[in-house]
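Notes for the one structure printed next.
Only a predicted model underlies this, so the values are computations on that prediction, with no experimental measurement involved. We use all heavy atoms of the structure for the numbers below, so side chains are in, but hydrogens, waters and symmetry mates are not.
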Amino acid sequence: MAEQVFQQDRSQEAPDYHHLLWMQLLFEEQPQRPAPEAIQAALAQRFGEVDMVSSADLCSFAIRRFPVQYSNADVPAQVLMAMVKPFEADSISDLERSQLWDLPEKEEFLARCRYGLMLSDFMASGLSYKERCSLLTGWLETALDLFPDCIGVWVPSAGKLLNRKRLLENPLQGEDRFLWYGVNARFFDIQNSDNMIMDTLGLYAIGLPDVQLHFHTMDPNPLANYLYNVAQYLYDNNCPIKPGETIDGVGPNGSISRELRWTCAYEHSLLQPARDVLDICPGPFAAGRRSGKDKKGNFYK
């Protein structure tokens, strides 16, 4: 098969975070959405006290465990569920399809996906990012219980497609479980060069920088896990790495090495969507020039 060549759209700019984060459940046959009272009961089993806000086509529920502070009052964050609609597989672009590493059989799988159902949060961007991720993860996992015929989930903010088996295999615990659904590692060859770019996609949606590597002559295979590990470190510790600091690199055998020190800087991403990233400079394997800027655009020494 001929290698695909993609033209970047640098006008596609991502916000620092998403005010609304949504996921799409996928089905082969048209499912029956449970009654709003059944959805509320399932949410209450997971989260405790839950109020039904709307039982209309777009039904919504307030989760009292997650209050958002406003000037006059605390208002619970909500979760939303839309009606079942036909799913258009073409809504996932060729560029996005090229990065669906969790599903080697992606084309065959997408051909089976005929219906979709949107889940999202609402009025939740005021939560801490870990609270918000706990809310979204609990909502998704509740929905998977409610829809045993759901065959997979598409997460646009991460460009990630998981089948049901992979969804249920989540090895992460607690607040970290969101990373299994909400962060993808991507890989691109740069045309007419030996340079490569790998990055994560998804952390930007919750207000954290994604991670980026621009390199040459390294085996990219072990670098995917490396990117996920760095992303999890940023997530677990609220992005503690300062511009110019170094972190462990990856050795020739693909293992993380404390003997190698790779320098970090905050930059604008090289790949779309345009967003802030933690760029890791892999020493002699680095490709391109680093700006050496921090998150505010100031040069560091």
Check your understanding: Taking only residues two or more places apart in sequence or in another chain, which ones pass salt bridge (Lys or Arg N to Asp or Glu O under 4.0 Å) with Arg114?
Key -> Glu29

Practice item. Kindly give the heavy-atom pair with the smallest separation between Cys113 and Ile151, and that separation in Å. Key: SG-CD1, 3.9 Å

Review point. To the nearest 0.5 Å, what is the distance between CZ (Phe285) and OG1 (Thr217)?
Key: 5.5 Å

Check your understanding: Are Tyr266 and Leu278 close enough, and set up right, to give a side-chain contact (heavy atoms from CB on, under 4.5 Å), and what steps lead you there?
Key -> CA-CA 5 Å; Tyr266 292 96; Leu278 178 74; 3.6 Å; yes

**Study point:** Heavy-atom pair of closest approach, residues Arg33 and Ala56
**Key:** NH2-O, 3.2 Å

Practice item. Check the pair Met23, Leu136 against side-chain contact (heavy atoms from CB on, under 4.5 Å), reporting the backbone distance first and the verdict last. Key: CA-CA 9 Å; Met23 304 164 280; Leu136 285 161; 4.0 Å; yes

Check your understanding: Are the aromatic rings of Tyr226 and Trp262 close, with centres under 6.0 Å apart?
Key -> yes

Review point. Taking a hydrophobic cluster as the set of Ile, Leu, Val, Met, Phe, Trp and Tyr residues connected by side-chain heavy atoms closer than 4.5 Å, whether directly or through intermediates, do Val53 and Val68 fall within one such cluster?
Key: no

Review point. Is there a donor-acceptor contact under 3.5 Å linking the side chains of Ser91 and Glu88?
Key: no

Practice item. Drop me the distance from Cys264's SG to Lys242's NZ, to the nearest 0.5 angstrom. Key: 12.0 Å

Practice item. For the pair Arg164 and Cys150, evaluate side-chain contact (heavy atoms from CB on, under 4.5 Å) and give the outcome as yes or no after the intermediate values. Key: CA-CA 7 Å; Arg164 187 177 186 91; Cys150 170; 3.7 Å; yes

Check your understanding: Is any side-chain heavy atom of Asn184 less than 4.5 Å from a side-chain heavy atom of Asp102?
Key -> yes

Check your understanding: Which pairs pass ring-ring contact (aromatic ring centres under 6.0 Å, His included) with one or both residues in residues 34-67, sequence neighbours excluded?
Key -> Phe47-Phe66

Review point. Are Met218 and Val211 linked, directly or through other ILVMFWY residues, by side chains that come within less than 4.5 angstrom of each other?
Key: yes

Check your understanding: Side-chain contact, heavy-atom cut-off 4.5 Å: Leu208 with Asn238?
Key -> yes

Check your understanding: So, does Trp180 use its side chain to make a donor-acceptor pair with the main chain of Arg166 at under 3.5 Å?
Key -> yes

**Study point:** Ile241 with Leu227, same ILVMFWY side-chain cluster at under 4.5 Å
**Key:** yes

Exercise for review: Write down the atom of Gly116, the atom of Gln24, and the distance for their closest heavy-atom approach.
Suggested key: CA-NE2, 4.0 Å

Exercise for review: Can you measure from CG (Leu117) to CG (Leu26) and round to the nearest 0.5 angstrom?
Suggested key: 10.0 Å

Point to revise | Closest approach of Asp236 to Lys130 (non-hydrogen atoms, all atoms of both residues) | key: O-NZ, 2.8 Å

Point to revise | Heavy-atom side-chain contact between His268 and Asp276 under 4.5 Å | key: yes

Review point. Is there a path of hydrophobic side-chain contacts, each under 4.5 Å between heavy atoms of I, L, V, M, F, W or Y residues, that connects Leu20 with Leu203?
Key: yes

Practice item. Determine yes or no for a side-chain-to-main-chain donor-acceptor pair under 3.5 angstrom, with Ser269 supplying the side chain and Pro273 the backbone. Key: yes

Exercise for review: Taking the side chain as every heavy atom from C-beta outward, state whether Leu80 and Ser60 have any atom pair closer than 4.5 Å.
Suggested key: yes

Review point. Taking C-beta and beyond as the side chain, do Ile92 and Leu110 meet within less than 4.5 Å on heavy atoms?
Key: yes

**Study point:** Flag for Thr142-Arg46: side-chain donor and acceptor within less than 3.5 Å
**Key:** yes

Check your understanding: Are Leu146 and Leu162 joined in one hydrophobic group, where the rule is that I, L, V, M, F, W and Y side chains link up if heavy atoms are under 4.5 Å apart?
Key -> yes

Check your understanding: Can you check whether Leu21 reaches Arg132 side chain to side chain, under 4.5 Å on heavy atoms?
Key -> yes

Exercise for review: Assess whether atom CD of Glu108 is packed by more than 12 heavy atoms of other residues, nucleotides or ligands within 6.0 Å.
Suggested key: yes

Practice item. Indicate the atoms forming the closest heavy-atom contact of Tyr204 with Leu201, along with that distance. Key: CE2-CD1, 3.5 Å

Check your understanding: Under 4.5 Å between any side-chain heavy atoms of Tyr181 and Lys160, yes or no?
Key -> no

Study note, to complete from the structure: In this structure, CD1 of Ile247 is separated from SG of Cys281 (nearest 0.5 Å) by 11.0 Å

Revision key, fill the gap. In short, Arg177 meets Leu172 closest at the heavy-atom pair NH1-O, 2.8 Å

Review point. Would you say the side chain of Leu140 lies within less than 4.5 Å of the side chain of Phe178, judging by non-hydrogen atoms?
Key: no

Point to revise | Candidate list Glu107, Glu105, Glu28, test salt bridge (charged side-chain N to carboxylate O under 4.0 Å, His left out), partner Arg112, passing option | key: Glu28

Practice item. Could you tell me the separation between the CG atom of Leu168 and the CG atom of Asp145, rounded to the nearest 0.5 Å? Key: 8.5 Å

Check your understanding: Would you call Arg186 and Asp210 a salt bridge, taking side-chain N to carboxylate O under 4.0 Å as the test?
Key -> no

Revision key, fill the gap. Rounding to 0.5 Å, atoms OG1 (Thr246) and CZ (Arg261) come to a distance of 4.0 Å

Check your understanding: Does any pair with a residue in residues 105-155 pass ring-ring contact (aromatic ring centres under 6.0 Å, His included), and if so which ones, sequence neighbours excluded?
Key -> Phe27-Phe147, Tyr129-Tyr235

